[in-house]
Amino acid sequence: MSQRTFSIIKPDAFRKGHAGAILAEIEKAGFRIVAIKKMSISKTQAEGFYYVHKERPFFPSLTTFMSSGPMIAMVLEKGNAIADLRKLMGATNPANAEEGTIRKKFAGSIEENAIHGSDAEDTAKFEIGYFFAGYELA
Ligand code: GDP
């Protein structure tokens, strides 16, 4: 059964000109792009998105980074989309990411790590709704 997940090509990857290459990897892996938009978010909007991490020491730095420039927000669909995208992304820290993963190829650090992908069904639902209106997903 097909499943939807939410993804962001983060500001570091966009700035370095890797958005097209990352999108190509995503499509090559069989994901259908349901919705996509280039956007810049405010620090407050980044804080709302990452609220689960609000007690973590890296929260101020992470939300400054996420609001530092344009990014690409996407809704992606395929069978097992959530787990398959996490696999394609690789580990949070690119130093631990497997060969061939997006973070191994494009991430610069544990924070500026090129891509976001939802980690579970409930977070995918929240994250899709945070960035996309229902009519954009038709
Ligand atoms: P993800 O699901 O792999 O994106 O990782 P998490 O949900 O644990 O963390 C969210 C995001 O916070 C990561 O993608 C990184 O951008 C950032 N992050 C996670 N851990 C650290 C850390 O130890 N230090 C810093 N500076 N940023 C981190």
Side-chain angles (χ1 to χ4, degrees):
M1 214 182 75
S2 87
Q3 185 181 54
R4 286 182 177 185
T5 191
F6 175 75
S7 182
I8 297 173
I9 298 174
K10 293 185 177 182
D12 59 317
F14 188 89
R15 223 176 344 257
K16 291 177 192 160
H18 292 150
I22 292 173
L23 269 177
E25 299 265 344
I26 287 169
E27 286 197 313
K28 207 164 50 185
F31 292 86
R32 184 173 80 85
I33 298 170
V34 176
I36 184 163
K37 56 186 169 188
K38 175 188 168 204
M39 60 195 302
S40 297
I41 59 172
S42 69
K43 174 117 171 142
T44 304
Q45 287 168 334
E47 287 167 353
F49 178 68
Y50 275 124
Y51 77 97
V52 292
H53 293 310
K54 65 179 183 300
E55 306 300 341
R56 308 285 283 277
F58 57 82
F59 185 69
S61 163
L62 172 63
T63 51
T64 295
F65 159 56
M66 289 302 291
S67 55
S68 67
M71 58 181 221
I72 308 272
M74 305 174 273
V75 178
L76 303 172
E77 187 171 77
K78 77 184 281 296
N80 210 27
I82 294 170
D84 284 0
L85 182 65
R86 300 280 302 179
K87 202 164 167 211
L88 182 64
M89 285 162 49
T92 308
N93 186 346
N96 304 327
E98 274 183 50
E99 263 334 301
T101 61
I102 289 173
R103 282 171 167 165
K104 183 74 177 183
K105 288 182 191 162
F106 301 109
S109 71
I110 190 167
E111 182 168 282
E112 301 205 355
N113 60 3
I115 185 165
H116 167 84
S118 308
D119 63 1
E121 279 204 31
D122 56 341
T123 46
K125 202 165 175 225
F126 164 76
E127 292 173 354
I128 290 169
Y130 195 77
F131 283 110
F132 289 93
Y135 74 88
E136 295 176 285
L137 306 170

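Computed from a predicted structure; not experimentally measured. One-based numbering, in listed order, for ligands and for the atoms of each.
- Heavy atoms of L62 approach ligand 1 to within less than 4.0 angstrom.
- Side-chain contact between I26 and I115 is present, with at least one heavy-atom pair separated by less than 4.5 Å.
- For the pair M74 and F6, the tightest heavy-atom approach, listed with the atom from each and the gap, is O-CD1, 3.2 Å.
- Under the 4.5 Å side-chain criterion, counting only non-hydrogen atoms from C-beta, Q3 is in contact with E121.
- At a heavy-atom cutoff of 4.0 Å, ligand 1 is contacted by the side chain of R86 but not by its backbone.
- In this structure a side-chain-to-backbone donor-acceptor pair under 3.5 Å is present from K43 to P60.
- By the criterion of a heavy-atom distance under 4.0 Å, the side chain of N113, and not its backbone, is placed next to ligand 1.
- The residue among T123, I115, I110 with a heavy atom at the shortest distance from atom 23 (O) of ligand 1 is I110.
- Only the side chain of K10 comes within contact range of ligand 1, with a heavy atom under 4.0 Å; no backbone atom does.
- Closest protein heavy atom to atom 22 (C) of ligand 1: F58 CD2, 3.4 Å.
- Aromatic rings from Y51 and F126 are positioned such that their centres are separated by under 6.0 Å.
- Here the CE-CZ distance, from M71 to F65, works out to 10.0 Å after rounding to the nearest 0.5 Å.
- Between T92 and ligand 1, at least one N/O pair is under 3.5 Å apart.
- Atom 7 (O) of ligand 1 has as its closest protein heavy atom H53 NE2, 3.0 Å.
- Residue R103 holds the heavy atom nearest to atom 4 (O) of ligand 1 of all those in E112, R103, E111.
- Residues A81 and L76 come closest through the heavy atom pair CB-O, 4.4 Å.
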